[in-house]
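The structure appears below as structure tokens.
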Amino acid sequence: MALFNQSNKSRRTLKGADFNVSFEFFPTSSDSAEASLWKSVRRLESLNPSFVSITYGAGGSTRERTHKTILKIIKETNLKVAAHLTCADANKEEVDSVIRDYWRAGVKHFVALRGDSQQDKLNGFKRGFQANPDGYQNGAELVAGLKAFGDFDITVSAYPEKHPMSPDFAVDIEMLKRKVDNGATRAITQFFFDNDVYEAYVERVRRAGIFIPIIPGILPFNNFSKLQNIARRCGADVPDWLSDRFEGLENDTTTSNLVGCAVASEQVMDLVSRGVSDFHFYTMNQADLVYAICRQLGMRAVEERAAKAA
Ligand SMILES: Cc1cc2nc3c(=O)[nH]c(=O)nc-3n(C[C@H](O)[C@H](O)[C@H](O)COP(=O)(O)OP(=O)(O)OC[C@H]3O[C@@H](n4cnc5c(N)ncnc54)[C@H](O)[C@@H]3O)c2cc1C
């Protein structure tokens, strides 16, 4: 069994289309943000992703907006779409009614997550997670609930640096195993910047008898202080070499963009050389940076490829 999704350790140059990408967007609340989201979806659609996914706010806070965005993607694009669904702060009937709505709308792919409770967020995650007593207790139970409902394609989360609330890797990987035993077919990781950490994590996962694809989550960024905030919340390490690259660029957007593009491209190229073939980009609804990274990696828009082939 290959350690990664595909084994091709010798591939060091990227000629385009020899790996797959997916893109994550979040639903928006204002008309101007909606226009920008839609522009981003359209721009990245041209790169022919395997799928796009739409996040779901903690406690169902974006339930309507996530649903609306997904319906629009189904109606107006050729993209395959995955709906994120969280179960914290909701009882089973509430979650099941969301699943029913999606089923009727033709959604067949979920990113199934426990999510964080509002109370935990307010407390700064100081106490352990308190599940709703009448709800799905974690990601694994939600996967089972989805599978009991229909034959969905189910993606789950994975944490190369372990989930911040997990006592250790063994507990974390045991949760991933339960999700797979209940029917998950792939995992997307929390973002990370040290590829050795990802590789060590995949080795642990394989040793635990888990053989689904563990797709690296890549977070492109061009604002280092924002990145630090996000990383703190997610428990992701920001290595010193990365701080060094952005040092002194606080007011230099142009250079920050270029460095951000280089950092993400280098990370993906190195992972490709280690045999990884699928990547999930956390786009933050910012298509320009992600588009530039994909071009830098050798990807071309569908129309460009067709014109070249003609
Ligand atoms: C790819 C990806 C997509 C995401 N999308 C969203 C999104 O759309 N919306 C959103 O709000 N958040 C999202 N998140 C963030 C996610 O909701 C949080 O990381 C959350 O804290 C854990 O959810 P999970 O499904 O990973 O939890 P789980 O996989 O259920 O659990 C994560 C870890 O927490 C521990 N744990 C689980 N249950 C308990 C418990 N009852 N007590 C103590 N420890 C426990 C386990 O060790 C487990 O390994 C996403 C994360 C990833 C990696």
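The nearest pair of heavy atoms linking Met299 to Leu47 is CE-O, 3.7 Å. Closest non-hydrogen pair, Lys179 versus Val143, comes out as O-CG1, 3.6 Å. The minimum heavy-atom distance linking Ile212 with Arg206 is given by the pair O-NH1, 2.9 Å. Residues Asp278 and Pro216 share a closest heavy-atom pair of O-CD, 3.1 Å.
Here Tyr102 and Phe110 bring their ring centres to under 6.0 angstrom of each other. Proximity of the aromatic rings of Trp103 and Phe152 is defined here by a centroid distance below 6.0 angstrom, and this criterion is met.
Using modelled atom types, one side-chain atom of Gln137 and one backbone atom of Gly135 make a donor-acceptor pair closer than 3.5 Å. Tyr136 places no side-chain N or O within 3.5 Å of a backbone atom of Ala88 that could act as its donor or acceptor partner.
With a 6.0 Å cutoff to the six-membered ring centre and a 45° limit on the axis angle, Arg114 counts as a cation-pi contact of Phe129.
Using a 30° and 60° split on the angle between ring planes, Phe191 and Tyr282 fall in the perpendicular class, above 60°. Between Phe221 and Phe246, the two ring planes are tilted [angle within 30° to 60°].
Interatomic distance, CD of Glu303 versus CG of Asn48, reported as 10.0 Å (0.5 Å rounding).
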For side-chain contact (heavy atoms from CB on, under 4.5 Å), just list the numbers for Lys147 and Ile154, CA-CA rounded to whole Å, side-chain angles, deciding distance to a tenth of an Å, and then say yes or no.
CA-CA 8 Å; Lys147 275 288 177 192; Ile154 302 176; 3.9 Å; yes

